[in-house]
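First up is the structure itself, then whatever we jot down about it.
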There are 2 protein chains.
Amino acid sequence: MSSQFYQEYPKFHVAVDCIIFGFERGHLKVLLQKRPFEPHAGEWSLMGGFVRQDEDVDDAAARVLTELTGLKDVYMKQVGAFGSVHRDSGDRVVSVAYSALLDIARVDKELNREHSAYWEDITLLPPLLFDHTEMVRQSLRMLRESISKRPVGFQLLPPLFTLTQLQMLYEAILGESIDKRNFRKRVAEIPFIEKTDEIDKLTSRRGAALYRFNNRAYQRDKHFKL
Amino acid sequence: MSSQFYQEYPKFHVAVDCIIFGFERGHLKVLLQKRPFEPHAGEWSLMGGFVRQDEDVDDAAARVLTELTGLKDVYMKQVGAFGSVHRDSGDRVVSVAYSALLDIARVDKELNREHSAYWEDITLLPPLLFDHTEMVRQSLRMLRESISKRPVGFQLLPPLFTLTQLQMLYEAILGESIDKRNFRKRVAEIPFIEKTDEIDKLTSRRGAALYRFNNRAYQRDKHFKL
DNA sequence: TCAAAAGTGTTAAGTTTACACCCATGA
DNA sequence: TCATGGGTGTAAACTTAACACTTTTGA
């Protein structure tokens, strides 16, 4: 099995943990799980899993995400490796954290229930298992940095969205309020945020124009600043 | 030995690889090694090593750095985990990359020689082993992002430096030239970059004022933009 | 008819960029 | 005395921030 090289060196369990972000009614949320196995069964934790023998670490993260949400091809980004000796009280485990951004409406609620997973507001997180709080903290920091520089926010919205939704998303992620007119002025200058002729009538009597993120147009010209 | 939990899951070699940056005569450089063991002995690679049984992954990176340079307490930052199944042809290895910034004058040249390590200009890198080129690429991207937002550049300079040296450092990292007057105007507004009354007479006839990064002052007010 | 969310421009303040010459010194 | 790198200020262009009222419509 194992190659002739490196035999003298120790081996470790390698796990992945997913920080899964969603956005609902103006709030940024994270999908948390009541841990389904020992040790520490029943505590709040991120959804994780062990990397398999012939599986890329990135693929393991995607697999775990799919197990919990039913979704494939979700936007994921590595947050980093967590490798303190005693970070997991079950055994030595090196874990690689990944953050995922998805449209909360698309997740399979049945699968969530089967895994005892619940959406929690990012501002109201309970204490989490091991170093999972630090993982969330770090991925939120990364999300805040990327949101204004790259058009990742759209991953958290449905395909059609109103400008108010988009603004609330930015406010929830950045944790500060934004001037409506300045925000809309900036959006108007971004060629790949396109106004459609659909109208959303659910959130206001008057109705709000629905917009779309055009990825083709973005690929042509990636210039972006919001 | 191994705990009762997680026994059924596979284990992997875990390694660290160091992207060690230095700055010399206007050039940003990386410390590369002729790989001293099989497989692929003699190829250009980053300095790396396997994580030990009772060692934090972060500590393993610091140890490897110390082995190669003789330096402790060097600025290091995790770049990320690299976990493709076949990334290392010797065996399955998950590697965590770390970048280090240090004052090239302080490294132990004898240790470098013992490890067949050489400083290479970042713009003139040879092809590297496995995914090491990607590791360098990624850490350079991170360095470019952080250099203008946080005062990390000083880690690459001696304790006293001239403004021309500082500017050349920024130019080497960002890969673009900067207007001298605008650069100095900005530096002048940063309270923790302090002019000393020392003069450097080595690089010019006239002599240039030497400056110092005051970490105390930085801790008091971390506001920074260069 | 009124409550609730959508939509819309202008001005002042601040930031960034472009640009060229004199200074001090050692060889 | 001259070649070399050190040091200095201003004005125009651009970007950001602050700010309040009108529109539409369903209940």
Side-chain angles (χ1 to χ4, degrees), chain A residues 23-27 144-145 147-150 157-158 160-191 193-212 221 223-226, chain B residues 23-27 144-145 147-150 157-158 160-191 193-212 221 223-226:
Chain A
F23 180 70
E24 199 174 41
R25 275 177 272 116
H27 293 267
R144 282 185 176 149
E145 268 185 25
I147 190 78
S148 306
K149 287 208 287 272
R150 302 159 79 90
L157 293 172
L160 297 180
F161 51 85
T162 67
L163 292 186
T164 301
Q165 275 179 284
L166 186 64
Q167 182 176 344
M168 286 194 303
L169 172 66
Y170 274 74
E171 290 176 332
I173 291 173
L174 297 173
E176 57 191 29
S177 56
I178 301 174
D179 180 274
K180 182 164 60 153
R181 279 179 288 187
N182 291 337
F183 184 80
R184 284 165 182 246
K185 217 182 313 166
R186 274 175 273 145
V187 169
E189 282 170 359
I190 298 170
I193 303 182
E194 294 174 346
K195 190 174 188 170
T196 67
D197 43 14
E198 311 278 306
I199 303 287
D200 171 82
K201 301 286 289 182
L202 298 173
T203 49
S204 76
R205 306 206 200 286
R206 176 176 175 176
L210 285 164
Y211 286 72
R212 166 172 44 215
D221 176 9
H223 205 73
F224 177 65
K225 182 82 183 59
L226 238 181
Chain B
F23 180 69
E24 198 173 43
R25 275 178 272 115
H27 293 265
R144 283 184 176 150
E145 268 184 25
I147 190 78
S148 306
K149 287 209 287 276
R150 303 159 79 90
L157 293 173
L160 297 180
F161 50 86
T162 67
L163 292 186
T164 300
Q165 274 180 286
L166 185 64
Q167 180 176 346
M168 287 194 303
L169 173 66
Y170 274 74
E171 290 177 332
I173 291 174
L174 297 172
E176 59 191 29
S177 57
I178 301 173
D179 180 275
K180 181 165 61 157
R181 277 179 290 186
N182 292 338
F183 183 80
R184 283 165 183 246
K185 216 185 312 168
R186 274 176 272 146
V187 169
E189 282 171 358
I190 298 171
I193 303 182
E194 295 175 346
K195 189 172 189 170
T196 68
D197 43 16
E198 311 279 306
I199 303 287
D200 172 81
K201 302 285 290 181
L202 298 173
T203 49
S204 75
R205 307 205 200 287
R206 176 178 174 176
L210 285 164
Y211 286 72
R212 163 170 48 214
D221 176 8
H223 205 74
F224 177 66
K225 182 81 182 60
L226 239 182

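All figures in this text were calculated on a predicted structure; none of them were measured in a lab.
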request  = For A:T162, report the nucleic acid contact type (base, sugar-phosphate, nothing); a contact means any heavy atom under 4.0 Å.
outcome  = nothing

ask   = NA contact type, A:T203, heavy-atom cut-off 4.0 Å: base, sugar-phosphate, or nothing?
value = sugar-phosphate

message = Nearest heavy atom decides the nucleotide; on that basis, is B:R186 or A:L163 closer to the 5' end of DNA chain C?
response = A:L163

key: Step-by-step side chain to side chain contact (heavy atoms under 4.5 Å, CB included) determination, A:L166 to A:F183   = CA-CA 10 Å; A:L166 186 64; A:F183 184 80; 3.8 Å; yes

Heavy-atom side-chain contact between [X] and [Y] under 4.5 Å:
{"X": "A:I199", "Y": "A:L210", "value": "no"}
{"X": "A:Q165", "Y": "A:Y211", "value": "no"}
{"X": "B:S204", "Y": "B:T162", "value": "no"}

task = Could you list where the contact with chain A starts and ends along DNA chain D, reading 5' to 3', using a 4.0 Å heavy-atom cut-off?
result = D:dA17 to D:dA27

message = For a quick check, with a 4.0 angstrom heavy-atom cut-off, what is the B/S/- contact string for nucleotides 18-27 of chain C, read 5' to 3'?
response = BBB--BBBBS

message = As a quick check of understanding, evaluate side chain to side chain contact (heavy atoms under 4.5 Å, CB included) for B:R184 and B:T164, giving each step before the final call.
response = CA-CA 9 Å; B:R184 283 165 183 246; B:T164 300; 3.3 Å; yes

For the student: nearest non-hydrogen atoms of A:F23 and A:A172, plus distance = CE1-CB, 3.9 Å

query = Would you say B:Y170's side chain and B:I147's backbone share a donor-acceptor pair under 3.5 angstrom?
reply = yes

Length of the CG-P vector between B:L226 and C:dT15, whole Å = 15 Å

Atom CZ of A:R150 with >12 non-hydrogen neighbours under 6.0 angstrom = no

